[in-house]
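Take a look at the following structure, please.
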Amino acid sequence: MINIVLFGKPGAGKGTQAEFLKEKYNLTHLSTGDIFRFNLKNDTELGKKARVFMDNGELVPCEVTTAMLIDEVNKHPESAGFLFDGYPRTLDQAEALDKFLPTIGSSVTATIALEADDEILVARLLERGKTSGRPDDQDEEKIRVRYQEYNEKTAPLIGYYKEQNKFHAVNGIGTIEEITERLTSVIDNL
Ligand SMILES: Nc1ncnc2c1ncn2[C@@H]1O[C@H](COP(=O)(O)OP(=O)(O)O)[C@@H](O)[C@H]1O
């Protein structure tokens, strides 16, 4: 089983690349952002809990997110591996994942970060906001909150995975194909 954590700031291209990687390596793609948005749209209990946080660009509380993630993993007992996109986003979540995966006889294989400068990413998000309908992509103030959340809570994960020798970074600027190639060359060498 291989488990890849796709890592990067909002707008770095995790979702776009996940579409290619899941096919190539036969992985189950779990995007916490997509799962939350699905629940928001369908107004589920989970959606109700997550809405205020998401609409403001803040992180949804850890217990809610982790319970949901574990639930999703358990829905795919036959999976050849997972592509985690948007999880973990805090040290608590990284530790929760490191506790949970061994219970299904597995572990994080590698974390791969897509790197790009903030100005490029903010421009990408505002462009995406024109068509995605995502309230958190249409407002510079909310985008700023998401970067603040990233810098304070998610960036420390780089050190966490480096200590485990599981951190890899690729340049996230280029064509979609170029970036897919960079990611596959990391995965093929694991
Ligand atoms: N692991 C997580 N922990 C807490 N909240 C999360 C997590 N993943 C997603 N969310 C919530 O969903 C929102 C959108 O997630 P996502 O689509 O991955 O965003 P982005 O494009 O900002 O990376 C986040 O701003 C946050 O409110």
Side-chain angles (χ1 to χ4, degrees), residues 3-19 21-22 28-73 82-101 108 111-158 160-161 169 172 176 179:
N3 295 304
I4 305 288
V5 174
L6 263 187
F7 190 86
K9 293 178 178 172
K14 301 184 292 289
T16 305
Q17 293 300 329
E19 291 304 312
L21 298 178
K22 73 173 186 194
T28 306
H29 175 210
L30 293 185
S31 159
T32 44
D34 286 350
I35 300 166
F36 278 135
R37 278 185 288 278
F38 174 85
N39 281 278
L40 242 62
K41 210 170 95 197
N42 293 289
D43 208 24
T44 64
E45 281 309 307
L46 181 66
K48 287 186 184 120
K49 283 186 197 155
R51 185 182 300 278
V52 201
F53 300 100
M54 289 186 70
D55 282 354
N56 290 326
E58 292 162 14
L59 294 184
V60 177
C62 186
E63 323 79 70
V64 177
T65 311
T66 297
M68 171 189 89
L69 196 272
I70 290 177
D71 225 43
E72 290 294 325
V73 171
F82 292 89
L83 189 55
F84 295 106
D85 162 5
Y87 190 99
R89 248 178 163 99
T90 64
L91 278 175
D92 280 355
Q93 292 179 7
E95 285 165 4
L97 191 62
D98 278 348
K99 253 194 214 140
F100 167 67
L101 287 174
V108 170
T111 298
I112 313 177
L114 286 169
E115 295 185 328
D117 287 338
D118 286 6
E119 311 96 86
I120 295 179
L121 296 180
V122 172
R124 277 191 195 169
L125 289 183
L126 288 168
E127 198 51 43
R128 179 168 87 182
K130 289 183 191 161
T131 52
S132 71
R134 281 179 58 169
D136 59 344
D137 280 349
Q138 290 169 23
D139 178 335
E140 283 216 49
E141 179 63 19
K142 287 175 184 169
I143 292 176
R144 209 180 53 74
V145 174
R146 280 151 73 201
Y147 278 85
Q148 209 171 310
E149 291 280 77
Y150 175 90
N151 288 328
E152 283 171 18
K153 298 176 182 164
T154 309
L157 293 183
I158 296 172
Y160 179 86
Y161 286 114
I176 291 176
I179 299 164

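Whatever order the structure lists them in is the order used to number ligands and atoms, beginning at 1.
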Point to revise | Backbone N/O of Gly172 and side chain of Glu115: donor-acceptor pair under 3.5 Å | key: no
**Study point:** Donor-acceptor under 3.5 Å (Arg51 side chain, Lys48 main chain)
**Key:** no
**Study point:** Check: Val5 main-chain N/O paired with Thr111 side-chain donor or acceptor under 3.5 Å
**Key:** no
Exercise for review: Quick one, list the residues around ligand 1 where some non-hydrogen atom comes in under 4.0 Å, by chain and residue number.
Suggested key: Pro10, Lys14, Thr32, Gly33, Phe36, Arg37, Met54, Glu58, Leu59, Val60, Thr65, Gly86, Tyr87, Arg89, Gln93, Arg128, Arg134, Arg146
Point to revise | Of all pairs that satisfy side-chain hydrogen bond (donor to acceptor under 3.5 Å, both in side chains), the ones with a partner from residues 5-19, not counting sequence neighbours | key: Lys9-Asp118, Gln17-Thr180, Glu19-Lys22
**Study point:** Heavy-atom donor-acceptor pair, Arg146 side chain to Gly57 backbone, under 3.5 Å
**Key:** no
Check your understanding: When you measure from the side chain of Glu149 to the backbone N and O of Glu58, does any donor-acceptor pair fall under 3.5 Å?
Key -> no
